[in-house]
Every structure is written in C-alpha cells, then in structure tokens.
A.B. asks: 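Have a look at the structure that comes next, please.
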2 protein chains.
Amino acid sequence: MAAQGKGPGGKQPTINDVAALAGVSKKTVSRVINRSEFLTEKTRRAVEQAIEQLGFVPNPQARALAFRRNFLIALLHDNPNAQTVLNFQQGVLDAIKDSDLALLVRPVDRGSDKMLDDVRVFLEKQRPIGAMLLPPISENDDLAALCENLGVRYVRVGSALLDDARHCVSSNDREVVAEAVRGLIARGHRRIGFVRGPAGFRSAAEREKGFMEALAEAGLELPDAYHARGNYRYASGVEAGEALLALASPPTAIFCSNDEMAAGVMGIAHGKGIAVPGQLSIIGFDDSPTATHIWPALTTVRWPIREMGSRAARTLVPDFLGFGAKVASDESPVLPSILVERQSVAAAPADT
Amino acid sequence: MAAQGKGPGGKQPTINDVAALAGVSKKTVSRVINRSEFLTEKTRRAVEQAIEQLGFVPNPQARALAFRRNFLIALLHDNPNAQTVLNFQQGVLDAIKDSDLALLVRPVDRGSDKMLDDVRVFLEKQRPIGAMLLPPISENDDLAALCENLGVRYVRVGSALLDDARHCVSSNDREVVAEAVRGLIARGHRRIGFVRGPAGFRSAAEREKGFMEALAEAGLELPDAYHARGNYRYASGVEAGEALLALASPPTAIFCSNDEMAAGVMGIAHGKGIAVPGQLSIIGFDDSPTATHIWPALTTVRWPIREMGSRAARTLVPDFLGFGAKVASDESPVLPSILVERQSVAAAPADT
DNA sequence: AAGATTATTGACACCGGTTACCAAAATGAC
DNA sequence: GTCATTTTGGTAACCGGTGTCAATAATCTT
C-alpha cells in the first residue's frame with residue numbers, strides 16, 4: 001500500500017505537487033502519466049517515485065476536461081435478461097480493471113420514440129470514450145450512426161456480425177443451433193417443434209436459420225403447426241407449449257429460442273403429465289440461471305457472454321487498456337457458443 | 001426540440017457563446033444555470049433565451065472540475081442475484097431521470113481483502129456525489145465509514161435498518177417471513193423445515209428470525225434436522241432438499257430463504273416423486289424470475305426492489321433531483337415486502 | 001570539433017466552468 | 001442632494017490536467 005501522502009493542506013496531491021517534488025515541470029509529469037514515449041528512463045523513474053511517495057492519483061475530471069472526453073465507457077442496453085447484462089458487465093470490468101476507465105450503465109427504452117434523443121443527450125453530456133450496444137438495441141443502425149456522428153466509438157454485440165469487424169463482437173448462434181438440432185435428429189427425433197423469438201430480433205432470425213438448416217440437411221420439413229412464435233418471455237413459452245402439445249401428433253422434441261420459453265414449455269409438459277425428457281425433449285438457449293433451476297435441468301446453448309464483454313471492451317478501447325489488451329488483427333470477432341448437455345434431452349420415444 | 005445551434009466552428013456552444021449572445025458576462029450565465037437569486041428578471045430571461053437559442057448544455061466535466069465533485073452516483077454491489085441488481089438500477093434511474101446525474105456501476109469483490117482499497121481508489125478517482133450499497137456489502141460497516149471519510153454520501157440498502165435512517169433503505173423481511181409462515185401453520189402444517197441463507201448475511205438472519213417468531217407463536221419447535229444451512233445458491237437448495245426429504249418423518253412444508261434454494265428443493269422433490277404442493281409446500285423469497293419459471297410456480301416474497309432503488313437515490317441526493325424528490329421526514333425508510341401466493345403451497349396432507 | 005539532427009523537457013495558453021472579490025448601479029435614509 | 005447600504009455585473013484567478021511549440025540537451029555527421 002502506498003503511503004497515504006497528502007499534498008499541502010491535507011488535500012489530494014495534484015500534478016503540481018508531484019512536479020515540485022520530482023523537480024520537473026507538470027507537463028513532464030503528465031507525460032509520465034500518459035505513458036508518453038520520449039522520456040529518459042531517469043526522469044520517468046524520478047517522477048514515478050514522486051507519484052508513489054505522494055500517493056498521487058490523477059484527477060479524472062480535470063483530464064476529462066482537457067481531453068474533451070470522459071474516461072468512461074458506456075453500456076447501453078435494453079435487455080430483458082438481467083443475467084446476460086450483468087455477465088456482460090462483468091466481462092467488461094474484467095477488461096478495464098487495471099485501466100483508468102470506469103463503466104457507465106445506461107438502460108434505454110427501445111420502445112420510446114425519444115430513445116435516440118435520450119441517448120444523444122446522454123452521450124453529449126457524459127462524453128464517454130465509447131459505447132457498447134447490447135442486443136437487441138445493437139441491431140439499431142441509427143444508434144450506431146449516432147455514435148459515429150458524435151465521435152463516440154462503438155461496438156455492437158450480436159448474434160451475428162452486424163457491422164464492420166472493428167465495431168463488432170458476436171457469437172455464432174446459427175451454427176450452434178444447427179449442431180444442437182442435428183443432435184436431436186441423431187437421437188431419432190423426427191417431429192421437432194420450434195419456438196421462435198420475437199419478430200425483428202436478429203438473434204431470433206439467426207436461431208431460426210440454424211434450426212431450418214439442420215432440418216433441411218436431414219430432409220425434414222417443419223409443419224406450420226410445429227412453428228410457434230414467442231417473444232422470449234416465459235408466458236410466450238407457456239402459450240407455445242399449450243399449442244404444440246395439444247396437437248394430435250405432438251412433437252417429440254422442441255427447440256426453444258431461449259431458456260425462459262423453454263421453461264414455459266416444460267411447465268406445460270409437467271402440467272399435462274408428459275415426461276421430460278422421456279416423452280418430450282427440450283432444448284433452450286442462453287444458459288440463463290433458469291436453465292439449471294428448473295427440473296429436469298435444461299440442455300441449452302451457452303454463449304460466452306462474459307468473454308464477449310471483455311472482448312467488446314478490448315475492441316472498443318484497445319489503446320486505453322494497456323499493453324496486451326489489443327485484439328490481434330487475426331482474432332475473429334465471433335466467439336463460439338457451446339452446447340451444454342443436461343437432462344432435458346433423450347432419444348425419441350420408440351412408439352412413434 | 002431545441003435548435004441544434006452550434007457555437008462558432010460547429011462545436012458545442014460554451015458558456016462564453018451564451019454570454020456573448022446575451023450580452024452579459026459568463027458569471028451571469030453561470031448564475032442563471034445555478035439558479036442563483038439576485039438576478040433581474042430581465043437579465044435572467046435574456047440569458048435563458050440565449051441558452052435556448054444556442055442549445056447550450058453546460059459541460060459536466062468542467063462543472064465537475066470546478067465543483068470538485070462529479071455529478072455521478074455510484075452503485076456498489078456484490079450481489080449474486082442479477083435481477084435484483086438490475087431492478088434496483090432501474091429504480092435509481094427512474095429517480096435520476098430528469099436530473100443532471102448519471103449512474104456509475106461498480107461490482108465489488110466481497111471476498112477480496114483488497115476490497116476496501118479498491119473501493120477507496122474508485123471513490124477517490126470518480127468522486128461521485130454519493131454511493132449506494134446493496135446487500136450484502138451494505139452490511140459492511142468499514143465501507144460505510146470509508147464513504148463517510150471520503151465525504152461521499154452513502155445509503156445502505158438492507159433487510160433491516162443498518163444505520164441512521166438518513167443512510168438507510170430497507171425492507172421488512174422479518175415481518176413478511178413471519179406472515180408467510182403463519183400462513184403455512186394456518187393451513188395445517190406442523191412439520192415445517194427451514195433452509196437458511198449463508199452465515200454472516202443480515203438478510204439470512206432476519207428471515208430466520210421471522211421464521212422462528214411465527215413458529216414460537218404457534219408453540220412449534222424447529223428440530224435440528226429440519227434446519228438446513230444453505231448459501232442462497234441452487235446447489236445448496238439441492239443439498240438441503242436431499243437432507244430434509246430423506247428424513248423418516250420429512251417436513252410437509254419448507255421455507256427457503258431464497259428462490260434459488262427453493263428451486264433446488266423442488267427439483268429434489270420432483271426427483272423423488274414427491275408432489276408439490278400436494279405432499280410438500282414450498283415457499284421462497286425474492287420473487288426472482290426463477291420463481292415463475294419453475295413448475296409449479298413458487299409462492300414467494302417480493303421485495304419492492306425497484307422502489308427501493310428510487311428511494312435510495314432520493315435519500316442519497318434529494319437536493320440534486322429537483323423539487324418533489326425530497327423524502328418527507330416522516331416517510332419510513334422501510335418499504336414493505338409482500339407475499340406473492342402462487343402454486344407451491346397447499347394445505348398439509350391429511351395422512352400426517 | 002563544429003554544425004546539424006534528433007530526442008527531451010518546459011513555458012504558457014487553454015479546456016469550460018466556478019468562486020472570490022471588487023466596482024458600478026440602484027435604493028433608501030437623512 | 002449627499003452618503004451609506006444593498007443589488008447586480010464584471011474581472012481575475014483557479015480547479016487539475018493537456019496541447020502547442022519553442023528551448024535545451026544529447027547524439028550524430030563529417
């Protein structure tokens with residue numbers, strides 16, 4: 001622990017105190033703080049020692065003023081899934097832990113027509129260095145354009161590449177879903193239902209594509225009756241479950257576009273006395289806490305949300321995170337999701 | 001929408017531009033911004049009109065520097081329950097929506113012995129006006145003392161009053177739990193199990209007190225074997241369920257100190273073929289998303305977390321939130337939780 | 001060794017507000 | 001009408017850093 005040295009008057013020491021102690025100008029101290037090149041090793045050490053001795057911490061407000069930019073990155077989200085947001089946050093914090101940056105969180109209201117203005121005011125006021133857009137608002141091109149105009153860097157997080165790679169972090173929803181569904185087919189399932197996410201969500205579209213892809217490969221069709229449209233909420237899963245399981249020839253497996261809806265379907269199955277996974281296999285998506293809190297535990301897709309948070313931060317502000325944080329140019333902005341197999345999938349019942 | 005007037009050079013207009021346009025000094029403009037008294041109505045209007053015309057927004061960084069204080073409030077948390085944190089956040093944002101304030105989020109690592117230092121550096125750097133401490137770290141007195149020393153206002157959120165009322169927002173866990181357990185007793189349950197939260201958590205202690213209170217009122221005892229110790233996680237609920245339900249004379253009802261553990265107990269019940277709520281009633285606490293995502297839906301206690309967030313903000317910085325946000329001196333800092341009755345509770349089985 | 005180059009450092013203005021303090025104007029008392 | 005008192009507006013310094021550009025020191029050429 002550094003000595004809690006205070007400048008004259010018991011206040012926080014300033015750059016001037018450091019300069020005086022080290023016998024250099026404040027500009028030189030500033031150079032040390034900002035890791036400027038063009039510094040003698042000797043000078044640097046003298047300054048660093050003075051900083052250490054005084055316990056000097058640069059005042060972010062002053063820097064923000066001089067830089068015309070706050071040392072902040074903003075997280076803009078409108079995500080119904082709290083765990084996702086928080087995990088992502090955690091990933092971002094992992095990345096910025098040892099930097100000067102702090103994280104500003106800003107939920108936005110996707111529905112509101114003032115949304116864009118709200119965000120504009122927010123960005124103009126706070127002047128963060130950059131902003132991270134979580135899905136679904138990451139899919140809004142106007143928002144990205146706004147950042148661009150305001151000179152705020154941005155990164156869009158999504159289920160698929162939404163933009164130029166330097167503005168993107170994504171997972172590979174389509175491929176993993178296809179893989180999961182192939183697994184169902186391999187276990188003998190032929191009557192496979194699908195619960196889609198809400199219209200207008202890229203993630204919903206990607207997951208659907210993956211599902212269709214796997215079905216097509218196996219030469220299977222998706223009857224209209226097997227195609228339920230949900231909105232990522234539990235209640236819509238309940239509705240979908242009621243519809244699909246009331247059919248004369250119900251599916252033996254259902255892929256749900258997220259875990260909440262999967263939980264809804266499973267609840268209905270329990271209510272109808274349909275055994276999961278004996279008579280009905282269910283797969284979800286997200287690996288949210290719900291996935292393990294329901295019984296039987298849900299086979300689902302886990303996207304590496306925390307890693308995506310770190311990556312997003314590193315993509316956004318590589319130059320602020322110190323050496324080693326840079327994203328190598330050959331790193332793909334696509335972080336792979338994985339299928340987590342638990343207890344909600346079994347082979348198709350024989351009597352079909 | 002105000003005209004997007006830009007100052008000379010297409011940049012954001014500054015206080016100087018406003019002063020020039022209004023034909024006054026920047027100090028006068030500053031007075032108008034800060035609602036100083038001692039101003040002619042005429043002057044004020046001239047300035048306000050100039051502000052309007054230019055679309056001037058005071059630069060928060062400059063103000064922060066001059067004020068020696070950032071227009072930020074911090075949310076410090078180390079909460080395993082993401083939904084709780086996010087709901088609280090939302091409540092805070094409701095409260096600060098129309099103010100100049102922004103919200104800084106800072107997860108802290110309760111376990112780390114550097115925690116206090118980390119928080120100190122954070123607060124010294126960011127210099128927020130105030131900090132809100134969520135449980136369980138709100139129970140840490142050193143943290144509160146640190147805020148006090150640093151001149152950062154603080155509010156502690158908890159299951160019970162942790163401090164002076166002006167530093168507190170809390171819910172009434174004990175009372176509601178007692179009420180819930182009385183309900184079980186009224187439905188004929190006599191063998192009631194308890195799954196406790198982790199040692200050292202005030203919330204765990206409060207819920208236990210409420211539970212014991214209700215039992216004592218009815219003249220019931222809690223056998224040791226009925227008293228399971230969990231840690232608020234699903235897995236510990238599973239263990240507790242295994243222990244309690246393997247007893248020769250198992251409980252007919254179990255109160256779990258949070259929903260995740262309740263979900264664990266319920267999973268075990270399903271596994272053992274014990275009907276919920278027919279043979280076993282279960283009550284949880286939190287009304288987390290899990291509560292409705294499991295089947296049958298969980299009877300649980302909902303604490304008004306979003307309201308608590310608003311209240312915390314209003315308690316913390318009443319003078320920054322504009323007229324009407326002040327917490328009346330006779331408002332209690334205790335916001336009541338409510339019992340949400342769903343499908344996991346029924347009368348005690350007759351064969352007992 | 002002198003002059004040319006280049007690497008380091010410092011002086012000073014400036015970022016956009018605020019406060020401290022002083023001057024001018026307005027008001028009231030006599 | 002003059003002087004003391006209260007309002008109001010202006011000037012300068014300051015908050016704690018950074019940018020520009022010139023000055024100085026170090027290194028290289030020939």
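Residue numbers start from 1 in every chain, and the chains themselves are labelled A, B, ... in the order their sequence lines are given, proteins ahead of strands.
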A.B. asks: Nearest whole Å is fine: how far is D/dG16 C1' from A/K26 NZ?
C.D. replies: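 From A/K26 NZ to D/dG16 C1': 6 Å.
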A.B. asks: Atom CD1 in B/I73, atom CD in B/Q126: separation rounded to 0.5 Å?
C.D. replies: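 If we round to the nearest 0.5 Å, B/I73:CD1 and B/Q126:CD are 13.5 Å apart.
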A.B. asks: Work out which heavy atom in B/F56 is nearest to a heavy atom in B/I15; give both atom names and the distance.
C.D. replies: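 Heavy atoms only, the tightest pair is CE1-N, 3.5 Å.
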A.B. asks: Would you check, one step at a time, whether the test salt bridge (Lys or Arg N to Asp or Glu O under 4.0 Å) holds for B/R156 with B/D141?
C.D. replies: CA-CA 10 Å; B/R156 304 167 76 169; B/D141 289 328; 2.7 Å; yes
A.B. asks: If you check every side-chain atom of A/T14, which of D/dG17, D/dC15, C/dG10 has the closest atom?
C.D. replies: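 Out of D/dG17, D/dC15, C/dG10, the nucleotide with an atom closest to A/T14's side chain is D/dG17.
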A.B. asks: What nucleotide, of D/dT18, C/dT18, C/dT9, holds the atom closest to the side chain of A/N34?
C.D. replies: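 The answer is D/dT18, which lies nearest to the side chain.
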A.B. asks: Where the side chain of A/F67 is defined as all heavy atoms beyond and including C-beta, which of C/dG16, D/dT18, C/dT18 is the nearest nucleotide?
C.D. replies: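 Comparing C/dG16, D/dT18, C/dT18 against the side chain of A/F67, the answer is D/dT18.
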A.B. asks: Give each protein N/O atom lying under 3.5 Å from an N/O atom of nucleotides 20-28 of chain C, with the pair distance.
C.D. replies:
none

A.B. asks: Under 4.0 Å between a side-chain N or O of A/T43 and OP1 or OP2 of C/dT9?
C.D. replies: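 Yes, within the criterion.
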A.B. asks: Please give, in whole Å, the distance from C/dT18 C1' to A/L65 CG?
C.D. replies: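 Those two atoms, CG and C1', are 12 Å apart.
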A.B. asks: I want to check one thing: is the phosphate of C/dA7, taken as OP1 and OP2, less than 4.0 Å away from some side-chain N or O of A/T40?
C.D. replies: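 Answer is no, no contact under 4.0 Å.
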A.B. asks: How bent is the helix from C/dA1-D/dT30 to C/dC30-D/dG1, measuring the angle between the end axes built from five pairs each, rounded to 10°?
C.D. replies: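 The end axes of the helix from C/dA1-D/dT30 to C/dC30-D/dG1 are about 40° apart, to the nearest 10°.
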A.B. asks: Is there a side-chain polar atom (N or O) of B/S30 under 4.0 Å from OP1 or OP2 of C/dT18?
C.D. replies: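 Checking C/dT18 against B/S30, a side-chain N or O does come within under 4.0 Å of OP1 or OP2.
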A.B. asks: Counting only side-chain N and O atoms of B/S25, is one of them less than 4.0 Å from OP1 or OP2 of D/dT11?
C.D. replies: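 So the side-chain polar atoms of B/S25 never come under 4.0 Å of the phosphate oxygens OP1 or OP2 of D/dT11.
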A.B. asks: Quickly work out the B/I33 CD1 to C/dT19 P distance and round it to whole Å.
C.D. replies: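 These atoms are roughly 11 Å apart.
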A.B. asks: The side chain of B/V24 is closest to which nucleotide in this list: D/dG16, D/dT18, D/dG10?
C.D. replies: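 Of D/dG16, D/dT18, D/dG10, D/dG10 is nearest to the side chain of B/V24.
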A.B. asks: Taking atom P of D/dG9 as reference, at what distance in whole Å does atom CG of B/N16 sit?
C.D. replies: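 Nearest whole value for this atom pair: 17 Å.
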A.B. asks: Round to a whole Å and report the spacing from CD1 of A/I51 to C1' of D/dG17.
C.D. replies: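 Computing the A/I51:CD1 to D/dG17:C1' distance gives 13 Å.
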A.B. asks: List for me each residue that meets ring-ring contact (aromatic ring centres under 6.0 Å, His included) alongside A/F88, sequence neighbours excluded, and say none if there are none.
C.D. replies: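 Testing A/F88 for ring-ring contact (aromatic ring centres under 6.0 Å, His included), a comparison that skips the adjacent residues, returns none.
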A.B. asks: B/T84 and B/N81: side-chain donor and acceptor closer than 3.5 Å?
C.D. replies: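 Checked: B/T84/B/N81 side chains pair up, N/O donor to acceptor below 3.5 Å.
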A.B. asks: To the nearest angstrom, how far is B/R69 atom CZ from C/dT19 atom P?
C.D. replies: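 Going from CZ in B/R69 over to P in C/dT19 covers 14 Å.
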A.B. asks: Could you check whether any side-chain N or O of A/S310 sits under 3.5 Å from a backbone N or O of A/G91, counting only pairs where one atom can act as donor and the other as acceptor?
C.D. replies: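 A pair under 3.5 Å: yes.
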A.B. asks: Just the rounded figure in Å: distance from P of C/dG17 to CZ of B/R63.
C.D. replies: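 Those two atoms, CZ and P, are 9 Å apart.
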A.B. asks: Looking at every non-hydrogen atom in both residues, tell me the closest pair between A/L150 and A/R69 and how far apart they are.
C.D. replies: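 Looking at all heavy atoms of both residues, the closest pair is O-NH2, 3.8 Å.
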A.B. asks: Can you measure B/D17 atom CG to C/dC15 atom P for me and round it to whole angstrom units?
C.D. replies: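 Going from B/D17 (CG) to C/dC15 (P), I get 11 Å.
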A.B. asks: Would you say B/T28 reaches D/dG10's phosphate, i.e. side-chain N/O to OP1/OP2 under 4.0 Å?
C.D. replies: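 For D/dG10, OP1/OP2 do have a side-chain N/O of B/T28 under 4.0 Å.
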A.B. asks: Measuring from the side chain of B/R68 (C-beta onward, heavy atoms only), which nucleotide among D/dT18, D/dG10, D/dC15 has the closest atom?
C.D. replies: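 The listed nucleotide nearest to B/R68's side chain is D/dC15.
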